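Side chains included, hydrogens not; waters and symmetry mates left out as well; all remaining heavy atoms used. Model, not experiment: these values are computed from the prediction.
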Amino acid sequence: MKKIISILLVSAISLSIFTSCGEKSAFADVTTDVAEYTYSTEEKISPEEDTTEATLEEEEPETEEESGIYDNTAIVEAYKSGDTSALSQDDLLVYQAAVDAISVFYSDGMSDDEIILAAHDYITTNITYDSDELSLIGTAKAESSTPYGALIYGEAICMGYTTTFQLFMDMLGVESVIVTGSSAGEDHAWNMVCVDDKWYHVDCTWDDYVPDYEGRRPFHTYFMVTDGVMALEHVWDMGSTPTADSEDYVYYFTHDLYFDSKDDLRAALKSENSNGELRAEVAIPLDEDVLVPYFSSGAIYAYWRIDLDTYSVVIYYFEEQ
């Protein structure tokens with residue numbers, strides 16, 4: 001499911017079973033195989049309780065084709081070992097594209113939260129939502145649900161964004177899982193990551209709004225957010241995912257972009273505008289009025305406000321100077 005940008009025009013004045021990261025649990029070794037972290041809600045019958053002549057056979061794990069989720073195991077193992085000889089031709093192409101991408105956004109010594117932000121920003125900057133999915137018929141390219149489409153063709157749908165982010169996390173050793181659910185009544189997928197023993201949601205798809213354009217800065221509305229934020233427009237089985245209730249790594253809080261003072265907000269927006277930026281991304285108290293200040297050198301011609309559970313995100317658009 002793709003969220004399409006909608007902005008408000010204003011008059012121009014000249015984004016549990018788990019307890020903590022790293023703990024061994026039923027989901028501790030989850031990477032990309034959906035069979036590892038989703039399970040049937042049907043009651044299991046023990047052999048002693050079976051009234052049929054044959055006992056129940058052990059259920060086989062879902063294959064990638066059955067689960068619909070890209071299996072990155074071979075690529076991750078090749079990255080860690082340095083041996084690519086076992087990779088298929090397609091996997092080798094994805095491997096090389098992923099290595100090239102990591103060389104751009106990653107450097108030795110980065111912390112987990114820095115890696116997560118860098119990977120998120122790389123994906124939302126360099127990948128475009130598959131326009132075929134948004135057409136009248138609405139049929140995405142087959143590769144768009146995998147890192148192949150995302151990294152080779154630069155196009156993806158939600159599962160392509162999600163499996164590409166998961167691939168980067170697995171290659172760089174950051175604990176992460178894939179979450180499948182829905183939004184607006186359509187199937188959707190995103191990731192959860194663990195930092196400092198706390199879990200957070202990351203939805204790269206919903207932070208890469210349509211329409212896309214060259215040089216656009218990434219959005220962070222659905223980056224490192226809580227269950228409360230996601231549950232506003234996302235539906236998933238919360239019993240099969242870790243609990244995310246911390247705001248410690250919300251982008252706006254960690255980057256000094258949360259303003260409860262109109263004077264501070266005005267100063268920050270003026271600074272962004274003076275630096276030639278065409279957009280500013282901030283957070284304000286949930287019930288605060290949206291400030292639309294006037295600048296002598298330019299004007300805010302539009303803004304987009306997203307009310308979340310405990311704060312609002314506001315994205316301002318400036319006139320070109």
Under 4.5 Å between any side-chain heavy atoms of Val313 and Leu308, yes or no? yes

State which residue, out of Phe165, Tyr161, Trp236, fulfils the ring-ring contact (aromatic ring centres under 6.0 Å, His included) condition with Trp190. Trp236

No-hydrogen, no-angle side-chain donor-acceptor test under 3.5 Å, Glu233 and Ser183: no

Do you see a donor-acceptor pair shorter than 3.5 Å between the side chains of Asp227 and His201? yes

Taking C-beta and beyond as the side chain, do Tyr106 and Tyr122 meet within less than 4.5 Å on heavy atoms? no

Once you round to the nearest 0.5 Å, how far does CD1 of Ile315 lie from CZ of Arg217? 10.5 Å

May I ask you to test the Tyr249-Ile116 pair for a side-chain heavy-atom distance under 4.5 Å? no

Among side-chain atoms of Thr243 and Asp245, is any donor-acceptor pair under 3.5 angstrom? no

Which residues share a salt bridge (Lys or Arg N to Asp or Glu O under 4.0 Å) with Asp248, sequence neighbours left out: Lys198

We want to know whether Ser246 and Tyr200 form a side-chain donor-acceptor pair, criterion being a heavy-atom distance below 3.5 angstrom. yes

Charged N-O contact under 4.0 Å between Glu281 and Arg279: yes

What residues form a ring pair (Phe, Tyr, Trp, His ring centres under 6.0 Å) with Phe259, not counting sequence neighbours? none

Verify the distance criterion only: is there a donor paired with an acceptor across the side chains of Asp83 and Ser85 at less than 3.5 Å? yes

For Glu247, enumerate each residue passing the salt bridge (Lys or Arg N to Asp or Glu O under 4.0 Å) test, keeping only those at least two apart in sequence or located in another chain. none

Cut-off 3.5 Å, side chains only: do Tyr316 and Asn273 have a donor facing an acceptor? no

Please step through salt bridge (Lys or Arg N to Asp or Glu O under 4.0 Å) for the pair Arg305 and Asp307, ending with a clear verdict. CA-CA 6 Å; Arg305 176 174 179 156; Asp307 291 329; 2.7 Å; yes

